[in-house]
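Throughout, numbering of the chain's residues begins at 1 and tracks the sequence.
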Amino acid sequence: MPNKSPPDELRRQIASILSGEKAYDIPRVCTRYGLTDGSGEEAFASKFRYVLVRLQELSTPQLLQVGRTVHADYQSRTLSDALGIVEDLNLPQITMITRRRLLKILNSITLEGQLSIFEFLEPVYDLDNIPSPYHRPSLDGDVRSIRGDIYQHCINNYDWDNVDLLKHLGFLDCHQRQVFRLLERIFDPEIWDEDHPEGGLLDRINQVLIKDGYALQMTGTVSGSGIYKIQLAGGPGATPADDEISALVKRFDEAGIRALWEKALQRRLSDPDGAITIARTYLEQTCKHILDEEGVAYPDDVDLPKLWTLCAKQMNLAPNQHTEEAFKSILGSCQNVVNTLGTIRNRIGDSHGQRGKPVRAKPRHAQLAVNLAGSMAMFLLATWEEHREKIAEGTEADNAAE
């Protein structure tokens with residue numbers, strides 16, 4: 001028998017919940033949720049069918065609205081899962097490649113932090129209703145749950161690693177909302193210590209998720225710690241220039257520029273301090289890549305303004321290389337923007353100790369720094385590409401003349 005479609009499964013879950021009411025109450029309950037009215041005799045014949053028939057009249061958006069309202073009243077985990085699957089139908093889907101890459105990352109950490117493995121898992125998985133991978137149903141239909149296996153293999157014998165555990169919980173074939181719920185649980189403030197040596201975990205996971213269009217982003221705080229949720233990477237914090245800049249830096253992947261840009265984008269909301277630091281590093285690396293390719297030497301301890309000046313001079317972008325006042329003004333402003341990036345980073349970035357009253361970076365500060373760095377780097381890279389093309393055309397002309 002073919003699997004039910006996600007909307008049909010959602011209808012089944014709603015009907016299962018509402019049919020738990022008394023038969024004489026069913027017509028009134030259905031009317032309360034906006035479903036069409038019917039006779040008491042129909043409800044007494046089959047409560048489940050009474051509800052299901054009326055749910056089949058609804059479009060998917062209408063069905064979702066009813067499902068959300070019913071879930072708010074009954075708080076059913078299975079209904080929540082069915083809702084999540086339907087809500088995700090029009091969203092980008094994470095691939096099996098992404099799931100396996102995430103598994104590899106999660107196998108290198110302690111999932112539960114200071115909690116027990118059951119305290120960690122229970123808000124995410126209904127352990128009593130996930131069957132054991134080792135035991136078939138008994139003759140009377142009883143199914144042993146995975147709870148006992150987790151106790152045996154993760155506590156007593158300790159012979160399941162995180163990959164074994166998560167595979168048995170369905171990580172590779174569950175709906176992606178379940179995967180996201182697990183990742184969000186890992187970064188729950190009661191589990192994840194932002195100052196832990198595994199602090200790079202957020203970046204590692206986001207570097208995988210971003211390829212399918214998602215990222216873990218900070219959406220709030222509790223007791224000074226971040227609350228992280230999976231969101232579309234083009235969601236809150238995205239700007240119109242993001243895609244254009246990303247398309248350009250992909251052509252310079254060998255210099256590590258692309259990785260820095262993607263990391264800066266990912267951290268704008270989740271880690272504003274880090275985003276500001278990475279924004280400057282990204283622009284510094286862009287300048288160094290161009291200078292290296294052009295064979296222009298620079299000191300090891302050179303600062304960003306000096307790097308920019310060297311690049312500008314190499315590509316005829318220095319204000320003193322032009323006589324037109326408009327060009328001189330624009331190019332001078334570019335130099336001021338680069339200097340400003342250094343000032344923002346030193347005042348509110350996380351690279352240096354701060355004197356006086358500490359200033360905590362906010363997402364709007366990170367937006368400013370990342371957008372400025374992205375625009376300046378894009379201008380440099382686009383100009384350099386044009387610069388190289390002109391040199392190549394000149395070389396071809398010289399060869400033709402010979």
Side-chain angles (χ1 to χ4, degrees), residues 77-78 80-81 84-85 88 92-135 143-218 225-231 233 263 266-267 270-271:
R77 185 189 294 241
T78 54
S80 175
D81 289 344
I85 294 172
D88 288 350
Q93 299 297 301
I94 59 172
T95 66
M96 184 59 67
I97 295 172
T98 290
R99 291 180 187 238
R100 292 192 181 280
R101 287 171 176 168
L102 289 172
L103 266 184
K104 184 176 181 180
I105 293 173
L106 297 181
N107 203 39
S108 66
I109 67 169
T110 302
L111 289 174
E112 64 269 29
Q114 299 301 311
L115 303 181
S116 73
I117 189 63
F118 291 108
E119 289 174 318
F120 169 76
L121 291 174
E122 283 169 344
V124 182
Y125 295 99
D126 186 0
L127 299 180
D128 294 320
N129 285 305
I130 297 177
S132 164
Y134 302 130
H135 296 270
V143 179
R144 180 174 140 177
S145 78
I146 198 173
R147 183 181 290 274
D149 296 309
I150 294 173
Y151 188 87
Q152 181 67 28
H153 296 282
C154 295
I155 297 176
N156 282 351
N157 295 343
Y158 203 69
D159 56 358
W160 276 6
D161 59 15
N162 290 345
V163 169
D164 295 323
L165 172 62
L166 294 177
K167 280 185 175 180
H168 288 315
L169 288 170
F171 187 88
L172 292 179
D173 51 21
C174 66
H175 63 82
Q176 68 182 28
R177 183 68 63 93
Q178 187 77 30
V179 174
F180 293 168
R181 192 180 297 143
L182 174 72
L183 296 177
E184 291 168 354
R185 178 63 173 159
I186 290 170
F187 290 93
D188 188 300
E190 72 172 339
I191 297 170
W192 187 54
D193 182 358
E194 293 177 334
D195 297 322
H196 192 275
E198 293 172 352
L201 178 64
L202 180 66
D203 286 336
R204 291 166 62 198
I205 288 178
N206 274 342
Q207 286 171 11
V208 172
L209 289 174
I210 197 73
K211 293 177 172 61
D212 286 338
Y214 293 97
L216 270 161
Q217 298 180 340
M218 189 168 70
S225 297
I227 299 171
Y228 291 87
K229 299 294 182 183
I230 300 283
Q231 298 186 342
K263 186 180 291 187
Q266 295 161 12
R267 288 195 178 188
S270 65
D271 181 12

Note to self: Please check: side-chain N/O of Asp149 versus main-chain N/O of Ser132, any donor-acceptor pairing under 3.5 Å?
What the structure shows: no
Next item on the list: Take atom OH of Tyr134 as the centre, draw a 6.0 Å sphere, and report whether it contains more than 12 heavy atoms from other residues, nucleotides or ligands.
Entry: yes
Note to self: Quick one: does any side-chain atom of Glu190 pair with a main-chain N or O of Leu115 as donor and acceptor, under 3.5 Å?
What the structure shows: no
Notebook entry, point to check: Closest heavy-atom contact between Pro123 and Arg181?
Noted result: O-CD, 4.2 Å
Item checked: Gln93 side chain to Asp88 backbone, donor-acceptor under 3.5 Å -> yes
Check: To the nearest 0.5 Å, what is the distance between CD1 (Ile94) and CZ (Arg177)?
Finding: 11.5 Å
Note to self: Using 0.5 Å steps for rounding, measure from the CG atom of Leu166 to the CG atom of Leu102.
What the structure shows: 10.0 Å
Notebook entry, point to check: Do Arg204 and Gln207 have side-chain N/O donor and acceptor atoms under 3.5 Å apart?
Noted result: no
Item checked: With His153, the side chain to side chain donor-acceptor pair (under 3.5 Å) member among Asp164, Asp161, Asp159 -> Asp159
Next item on the list: Give the minimum heavy-atom separation between Ile105 and Ser108, together with the two atoms involved.
Entry: O-OG, 2.6 Å
Next item on the list: Begin from the C-alpha positions of Leu172 and Leu103 and carry the test side chain to side chain contact (heavy atoms under 4.5 Å, CB included) through to its verdict.
Entry: CA-CA 9 Å; Leu172 292 179; Leu103 266 184; 3.6 Å; yes
Check: Does some side-chain heavy atom of Val208 sit less than 4.5 Å from a side-chain heavy atom of Ile97?
Finding: no
Checklist line | Gln217 backbone acceptor or donor facing Gln231 side chain under 3.5 Å | finding: no
Next item on the list: Show the numbers, then the answer: is there a side chain to side chain contact (heavy atoms under 4.5 Å, CB included) between Gln178 and Val124?
Entry: CA-CA 7 Å; Gln178 187 77 30; Val124 182; 3.5 Å; yes
Check: Is the number of heavy atoms from other residues, nucleotides or ligands under 6.0 Å of Ile227 CD1 greater than 12?
Finding: yes
Next item on the list: Could you check if a side-chain atom of Tyr228 sits within less than 4.5 angstrom of a side-chain atom of Leu183, using non-hydrogen atoms only?
Entry: no
Margin query: For Glu112 versus Ile117, what's the shortest heavy-atom pair and its separation?
Written below: OE1-CD1, 3.7 Å
Next item on the list: Could you walk me through whether Val179 and Cys174 pass the side chain to side chain contact (heavy atoms under 4.5 Å, CB included) test, one step at a time?
Entry: CA-CA 7 Å; Val179 174; Cys174 66; 3.7 Å; yes
Note to self: Using side-chain heavy atoms (C-beta onward) and a distance below 4.5 Å, is Arg185 in contact with Tyr125?
What the structure shows: no
Next item on the list: Determine, for Asp212 against Arg99, whether the closest basic-nitrogen to carboxylate-oxygen distance falls under 4.0 angstrom.
Entry: no
Margin query: Using only atom types and a distance under 3.5 Å, with no angle test, would you say the side chain of Asn206 pairs donor to acceptor with the backbone of Leu216?
Written below: yes
Notebook entry, point to check: Hey, which of Phe187, Phe171, Tyr214 is the one that makes ring-ring contact (aromatic ring centres under 6.0 Å, His included) with Phe180?
Noted result: Tyr214
Notebook entry, point to check: How many angstroms lie between atom CD of Gln176 and atom CG of Leu182, to the nearest 0.5 angstrom?
Noted result: 13.5 Å
Check: Does the side chain of Arg147 come within less than 4.5 Å of Phe118's, by heavy atoms?
Finding: yes
Checklist line | Distance-minimising heavy-atom pair for Asn162 and Leu106 | finding: ND2-O, 2.7 Å
Next item on the list: Find the distance between CG (Leu127) and CD (Glu122) and round it off to the nearest 0.5 Å.
Entry: 5.5 Å
Check: Checking side chain to side chain contact (heavy atoms under 4.5 Å, CB included) against Leu121, which of Ile146, Ile130, Ile150 comes through?
Finding: Ile150
Check: Going through the checks in order, is the side chain to side chain contact (heavy atoms under 4.5 Å, CB included) test met by Ile186 and Ile191?
Finding: CA-CA 6 Å; Ile186 290 170; Ile191 297 170; 5.6 Å; no
Item checked: Heavy-atom pair with the smallest gap, counting every atom of Phe120 and Leu111 -> CE1-O, 3.5 Å
